[in-house]
Amino acid sequence: MLISRHIHQTASDRIWSWAFLLPVVAVLMIAAFIPLGYGLVLSFFRYKLTIATSRPAFIGLQNYFNMFRDEIFIKSLTNNVVFALLSVSIELGIGVMVAMMLSDDNRMSRLMTTFLMVPMIIAPVAAGTLWRMMLDRTYGVVNYLLSFVGIPPVSWIGDYRIALYTVVFVDCWQFIPFVALLVLSSIKSIPQSFLDAARVDGASPWKVFTKVMLPITSPVIIIVAMIRFIDAFKIFDVVFVMTQGGPGNATEMLPTYIYRQGIKFLDVGYSSATAILFIIAMSLIAWVFLRLRSLQLRRLG
Amino acid sequence: MRVGSRRVKQSYLSNFIGFPTRIIILLILFVVILFPFYWMITNAFKLEQEYYSSPPIMFPSRITGQNFIDIVQKYEVFKGLINSIMIATGATIFTVAFGSMASYSLINGALPRRLKGVFAGWFLVQKMYPAIVVAVPVFYIIRSLRLMDNVLSLIIMNTSFNLPLVILLMIGFYQEAPFEVEEQSMLDGCTLPQRYLYVTTPMVKSGLIATGMLTFVYSWNEFLYAVILTVNKSKPLTVLIAGFITDKALIWGPMAAMGCVVVFPVLMIMWLMQRDFIGGISAGALKG
């Protein structure tokens with residue numbers, strides 16, 4: 001529609017239009033912009049509240065340099081990257097497969113689609129608690145069930161070599177459905193004639209998958225990958241209830257590390273610097289994905 | 001023709017690994033998704049010696065309501081429930097009210113055209129940025145305002161988290177609403193708030209309800225700020241259930257009962273508005 005939607009502009013309309021935006025601007029100022037600016041300022045100061053008389057002292061970029069000498073920070077960064085890459089690739093792989101398996105429009109598929117929504121809408125804290133209970137070494141039902149196929153009890157939470165993968169698993173349990181649902185809705189929008197044409201030409205299912213389905217759904221897949229990738233760097237709830245970042249620092253992630261530094265150890269300046277660096281990195285990642293998507297869209301015409 | 005072509009889609013996409021394999025995989029998936037809920041519900045009703053037994057008991061021999069009585073008496077579940085309801089309801093009301101006002105104004109108001117693009121871009125960025133980055137400054141600001149342990153601070157934070165998504169969705173709804181009615185009432189001399197309240201918003205009511213439910217669920221599930229900004233009296237359910245884990249002893253029964261209290265309201269909402277829910281989540285995601 002090219003016709004402008006406001007033909008009869010009056011002064012009162014104009015004033016009200018601005019007034020209608022005000023509450024949103026106010027809320028986002030209070031809850032997002034002012035804190036962000038405050039955080040940016042704090043990141044240039046040495047400011048620890050562990051000492052009651054502590055006054056903020058300006059130290060320039062020192063907090064930022066300190067990060068690269070901080071082993072726990074590096075550790076949580078690598079953990080987080082490993083976690084993000086692993087969970088996103090597993091979720092995408094299985095999610096796309098599940099979406100394809102559910103793409104026919106019969107009763108069973110629709111029922112399954114409904115059940116798929118259940119894990120993704122419950123509180124991540126609840127999901128973490130649930131799996132913490134089931135993965136317990138002695139009382140957990142998972143080890144019990146595995147004992148039937150001859151697998152000895154595994155310390156899913158307590159073993160530093162395994163804990164990170166346990167967190168990956170719980171994340172996958174919650175969000176494979178998310179990927180599957182979004183990809184499914186995109187598969188359903190593929191024109192039937194494309195698939196008919198492919199069949200007439202005698203294309204194998206694999207060919208249909210790689211030559212018809214993947215290209216058409218790829219913009220959606222890229223966006224879903226971006227959302228999950230960014231979300232993977234926001235992980236907090238599940239780690240908090242399952243492992244508390246432990247054992248050792250085996251499952252420490254960036255959000256839990258910022259939380260620990262800022263809220264637990266009251267190192268305001270340093271944790272603010274970490275947060276600022278974090279948001280810069282996130283913006284870069286989002287930019288890369290959006291660029292990728294627009295390239296893909298252009299290629300598809 | 002239609003029947004035939006539908007079968008093509010079926011055999012070419014959904015059965016790409018062969019029909020039996022597909023059924024087996026879907027069955028496994030089904031069990032993995034739903035078994036945790038079976039485990040939660042049965043544990044919530046198990047006797048103490050049964051939830052503490054090793055090996056675990058798959059089918060409880062007797063059921064008891066003791067775990068639910070326990071969470072009411074010892075773990076303040078009512079207080080948590082009231083807090084959760086207050087936080088989620090408050091955030092939903094503010095988000096829907098403020099969000100619909102802003103999106104109405106951006107679509108039907110008399111604003112410079114460019115502004116819409118600016119705001120849409122802003123909300124997109126806002127929607128993606130991780131909440132943790134402002135956690136520390138918010139913590140200190142709230143503390144110095146003496147708003148710690150106050151549901152109001154959580155309502156404000158949840159409103160700010162949900163506004164971007166809600167506005168992006170609502171812009172779509174308002175855009176689809178027929179403009180002729182709006183135009184007519186404009187000629188009849190209705191002011192902008194009157195048109196918003198009585199003319200256009202009633203036409204997008206179902207959209208508002210769907211986004212409202214989405215906001216309710218997200219605020220109900222929110223944990224990070226709930227754990228940072230509450231100390232004692234305003235802890236919502238998510239913080240209470242996490243409290244079971246940080247203690248040295250893990251009391252499975254009451255914990256599972258608490259899990260039921262956290263999860264069931266959300267499942268009910270989902271069941272009530274299934275279709276809108278998928279639509280909302282996927283539209284919200286893909287608008288990004």
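Letters go in sequence order (proteins before strands), and every chain restarts at 1.
Between chain B and the residues A:Ser272, A:Ser271, A:Ser283, A:Pro255, the most heavy-atom pairs under 4.5 angstrom are made by A:Pro255. Residue with the most contacts toward chain B among A:Leu266, A:Asn143, A:Ile94, A:Ile15: A:Leu266 (heavy-atom pairs, distance under 4.5 Å). Contacts with chain A were tallied for B:Tyr104, B:Phe30, B:Phe223, B:Phe35; B:Phe223 has the most, counting heavy-atom pairs under 4.5 Å. Among A:Phe233, A:Tyr38, A:Tyr259, A:Trp173, the residue with the largest count of heavy-atom pairs under 4.5 Å with chain B is A:Trp173. In terms of heavy-atom pairs under 4.5 angstrom with chain A, the leader among B:Ile57, B:Thr191, B:Leu115, B:Ile156 is B:Leu115. When each of B:Gly99, B:Pro130, B:Ser100 is scored by its heavy-atom pairs under 4.5 Å with chain A, the top score falls to B:Pro130. The candidate from B:Pro193, B:Pro265, B:Ala135 with the greatest count of non-hydrogen atom pairs under 4.5 Å with chain A is B:Pro193. Of the residues considered (B:Val263, B:Leu224, B:Leu106), B:Leu224 shows the highest number of contacts with chain A, using heavy-atom pairs under 4.5 Å. Among A:Pro124, A:Ala26, A:Ala32, the residue with the largest count of heavy-atom pairs under 4.5 Å with chain B is A:Ala32.
Residue B:Ile155 does not touch chain A at all, counting heavy-atom pairs closer than 4.5 Å. Of the two parts of B:Phe94, neither the backbone nor the side chain holds a non-hydrogen atom closer than 4.5 Å to a non-hydrogen atom of chain A. Using a 4.5 Å cut-off between heavy atoms, B:Phe119 contacts chain A through its side chain alone, with no backbone atom that close. In this structure, the portion of B:Met255 lying under 4.5 Å from any heavy atom of chain A is its side chain and not its backbone. For B:Leu237, no part lies under 4.5 angstrom from a heavy atom of chain A. Heavy atoms closer than 4.5 Å to chain A are found in both the backbone and the side chain of B:Val32. Only the side chain of B:Leu34 comes within less than 4.5 Å of a heavy atom in chain A; its backbone stays farther off. With a 4.5 angstrom heavy-atom cutoff, B:Phe139 touches chain A only via side-chain atoms. With a 4.5 Å cut-off on non-hydrogen atoms, B:Leu26 touches chain A through its backbone and its side chain both. For a residue to count as touching a neighbouring chain, one of its non-hydrogen atoms must lie under 4.5 Å from one of that chain's; by this rule B:Met58 touches chain A with the side chain only. Only the side chain of B:Trp122 comes within less than 4.5 Å of a heavy atom of chain A; its backbone N, CA, C and O stay farther away.
The two atoms that bring A:Gly262 and B:Val136 nearest to each other are CA-CG2, 3.8 Å, heavy atoms only. Taking each heavy atom of A:Met134 and B:Pro36 in turn, the nearest pair found is SD-CA, 3.6 Å. Taking all atoms of both residues into account, the shortest heavy-atom contact from A:Leu28 to B:Ser160 is CD2-O, 3.7 Å. Closest non-hydrogen pair, A:Ala275 versus B:Val133, comes out as O-CG1, 3.4 Å. When all heavy atoms of A:Ala123 and B:Val262 are compared, the pair lying nearest together is CB-CG1, 4.1 Å. Closest approach of B:Gly109 to A:Ser17, counting heavy atoms only: CA-OG, 3.4 Å.
Between A:Pro35 and B:Ile141 the shortest side-chain heavy-atom distance falls below 4.5 Å. Between A:Val24 and B:Phe123, some side-chain heavy-atom pair lies under the 4.5 Å cut-off. B:Phe264 has its side chain out of reach of A:Ile122: every pair of non-hydrogen atoms, C-beta onward, lies at least 4.5 Å apart. Looking at B:Leu27 and A:Met112, their side chains never come closer than 4.5 Å, going by heavy atoms from C-beta outward. Here the side chains of A:Leu21 and B:Leu111 are in contact, with some heavy-atom distance below 4.5 Å. Between A:Val241 and B:Phe244, the closest side-chain pair of non-hydrogen atoms is not below 4.5 Å.
Between the side chain of A:Arg14 and the backbone N or O of B:Ala110, no donor-acceptor pair lies under 3.5 Å. Put simply, the side chain of B:Asn221 gets close to the backbone of A:Ile121: a donor and an acceptor are under 3.5 Å apart.
Checked against side-chain contact (heavy atoms from CB on, under 4.5 Å), A:Leu111 has the following partners two or more places apart in sequence or in another chain: A:Phe115.
Between A:Asp237 atom CG and B:Glu222 atom CD the span is 7.5 Å, to the nearest 0.5 Å. Rounding to the nearest 0.5 Å gives a distance of 8.5 Å between OG of B:Ser105 and CH2 of A:Trp18. To the nearest 0.5 Å, atoms CH2 (A:Trp131) and CE (B:Met40) are separated by 12.5 Å. Summarising the geometry, atom CD1 belonging to B:Ile132 is positioned 9.5 Å from atom CG belonging to A:Leu254; distances are rounded to the nearest 0.5 Å. A:Met101 contributes atom CE, which lies 9.5 Å from atom CD1 of B:Ile23 (distance to the nearest 0.5 angstrom). For the atom pair CZ (B:Arg195) and CH2 (A:Trp16), the distance works out to 12.0 Å, reported to the nearest 0.5 Å.
B:Trp39 CH2: more than 12 foreign heavy atoms inside a 6.0 Å radius.
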